[in-house]
Amino acid sequence: MTDDQTAASVPMMPQLNALIANEGTNFEQAIASFPLCCPSRATNLTGQYAHNHGVLHNSGLFGGFRMLDNTNTLPVWLQAAGYRTMHVGRYLNGYEYRDGIPAGYTDWYGSPHSNAFNYASWKVNENGVLRSYPQPDRPGDYQTDQSTRRAVGLIEDAAPSAQPFYLSLWYVAPHRGGPRDPDDPASPGTPSPAPRHRDAFAAYSMPRLPNFNEQSMYDKPQVVADRPLFTPEKTAGIEENWRQELESLLSVDEAVAHVVDVLARTGELENTLIVYTADNGFMHGEHRALAEKVLPYEPSIRVPLILRGPGVPRGRIDDRLVANVDVPATILDETDVIPGRVQDGRSLLPLLADPGAEWGRD
C-alpha cells in the first residue's frame, strides 16, 4: 500500500505493470470509499466502511489510531487461523511508540506516526524496540529502500516454514515529507525522492484536464467554489509536486521487483496473493484544489488496485466498480478465514472467475 497515490500514476511504474498487472488483473475503477489516510487504512484492516469501524478522521475526537478497535482486525483473524502476520512501514495516523505493538502481529516493524514522514531520517518500532534510521553502517539510506529490505528479509525467513504468512508492506511514498530538496516549491509540500531518482521526470509535463484551475465554479458547492484561482507560482508548485511524487514512486516500483523476486526464489510466488493498492488518491489542482484528498472527486477517490496470484486472470483490465472495502473480504475468501466483523465489502474472487458478472452496485 502506498500513501496518496493516484490511479493515473500506475502507467509510470514499469515493474508494477510488468510483474503484477501483466501477470494479474488491474481493477481500473477501484474506489477509496473514504479518501483520507486513517479512515481508509482502517477500512483495509476491517473490511468495513468508516461509519461502521468508527475512524472518521485522521485525528481529533473522531479520528486516528485510538478510534479503531485493534483487537478485531484482519491480522488478528489471520493470526488466530494459524498465519504468521508481519507488518512493515507506515501504520495508522496517531500511532506512536508508546502504543506498543497492535494486536494480531507476529512481527512488527511499524513507524510511529511522528517519525514516519521523513525519507532520510525516520524511526521504527521493531518488535518493541525503537530504532532510528539511517543506521551507522548505511549512511544516506532511504526509507523506502530500508522498508523493502526488511520485507524481503521477513519473506526469506517465513517462506521455508509450512506456516502460511501475511505481510502488510505500507510505504510513505508518494506522501509529502522531508527533507526539503533544493528544487522544492514554496507550496505545496512534496515528497523527497531517492537521490538516484531525482529529476527523473523533469522533462515531463503534468496533464491538465479542463477541471485544472477551473475557471467557472458556479456549479460547485460553496466550500469548493470559494477557492481562488492559482497564481503562476502555485501552478508551478503543483506541477513540481506531481513530478516528485512520480519520482518517489520509482523506489516503490523497484520494491515490487524485489518482493516478486524473493517470492519466486523461495518458491512462494505461485501460491501468494499479491495486492497492490493505495489508501486514497490525490488532487493536483483539479477544481482549484491545491494538493488534497477527501473531496469526492475522481482524482481523490480513484486508487490503484492490482492483484496477482492464485485464481487471478493474467493480463486482464477490469472496469467493474470495486472498492477498498472489498480487499479484506477477498483476502478472507482466499485464505478461508472467518472475520470477527460483519464485512461491508465483497470478495473479488467471483468477479475474477466470471468476467461477465455484475454486482449491480450504484
Side-chain angles (χ1 to χ4, degrees), residues 1-17 37 89-90 111 113-123 132-134 138-148 170-209 211-214 227-257 278-293 299-300 304:
M1 180 185 288
T2 52
D3 194 334
D4 290 357
Q5 182 179 359
T6 65
S9 64
V10 167
M12 313 303 281
M13 302 179 69
Q15 302 290 350
L16 174 62
N17 285 283
C37 298
R90 167 123 154 71
S111 290
H113 183 78
S114 58
N115 304 120
F117 294 95
N118 189 305
Y119 292 83
S121 177
W122 67 100
K123 295 181 180 180
S132 298
Y133 286 88
R138 285 185 179 268
D141 202 3
Y142 186 67
Q143 183 180 159
T144 302
D145 298 341
Q146 188 269 330
S147 294
T148 302
W170 289 7
Y171 290 108
V172 169
H175 193 285
R176 69 181 182 274
R180 280 195 62 82
D181 299 317
D183 55 349
D184 281 353
S187 176
T190 67
S192 182
R196 65 185 179 277
H197 297 138
R198 193 159 293 152
D199 293 330
F201 287 92
Y204 287 69
S205 296
M206 185 180 76
R208 297 186 189 179
L209 298 176
N211 60 14
F212 178 83
N213 201 19
E214 196 169 351
R227 294 162 190 252
L229 285 165
F230 298 135
T231 62
E233 291 75 18
K234 290 288 188 186
T235 298
I238 292 168
E239 186 148 349
E240 179 59 26
N241 178 45
W242 174 82
R243 292 191 188 97
Q244 291 191 30
E245 286 178 350
L246 293 178
E247 290 160 5
S248 74
L249 284 169
L250 290 178
S251 55
V252 178
D253 197 49
E254 293 170 349
V256 169
D279 55 356
N280 47 256
F282 204 71
M283 302 182 73
H284 300 88
E286 298 90 349
H287 311 300
R288 302 187 195 173
L290 178 66
E292 299 179 41
K293 43 221 175 183
S300 179

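Positions are given from 1 along the sequence. The figures here come from the full heavy-atom set of this structure, side chains too, leaving out hydrogens, waters and symmetry mates.
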Q) So how far is it from K293 NZ to D4 CG, rounded to the nearest 0.5 Å? A) 3.5 Å
Q.
Quick one: does any side-chain atom of R243 pair with a main-chain N or O of Y204 as donor and acceptor, under 3.5 Å?
A. yes
Q: Check for a donor-acceptor pair, side chain of E286 on one end and backbone N or O of N211 on the other, with a separation under 3.5 Å.
A: no
Q: Begin from the C-alpha positions of I238 and N213 and carry the test side-chain contact (heavy atoms from CB on, under 4.5 Å) through to its verdict.
A: CA-CA 11 Å; I238 292 168; N213 201 19; over 6 Å; no
(Q) For F230 and F212, take the angle between the two ring planes, folded into 0 to 90°, and tell me which bin it lands in: parallel under 30, tilted 30 to 60, perpendicular over 60. (A) tilted
Q.
Is it the case that the side chain of D184 and the backbone of D181 share a donor-acceptor pair, with hydrogens and angles ignored and the cut-off at 3.5 Å?
A. yes
Q | Donor-acceptor side-chain pairing of S192 and Y142 below 3.5 angstrom | A | no
Q) Do H287 and E214 have side-chain N/O donor and acceptor atoms under 3.5 Å apart? A) yes
(Q) With side-chain contact (heavy atoms from CB on, under 4.5 Å) as the criterion, how do H284 and E245 come out once you've worked through the C-alpha distance, each side chain's angles and the decisive distance to 0.1 Å? (A) CA-CA 11 Å; H284 300 88; E245 286 178 350; 2.5 Å; yes
Q | Donor-acceptor pair, side chain of D253 and main chain of L16, under 3.5 angstrom | A | yes
(Q) Looking only at the aromatic ring of each residue, does the gap between the centers of H197 and F201 stay below 6.0 angstrom? (A) no
Q) Does a salt bridge link R196 with D145, judged by any charged N lying under 4.0 Å from a carboxylate O? A) yes
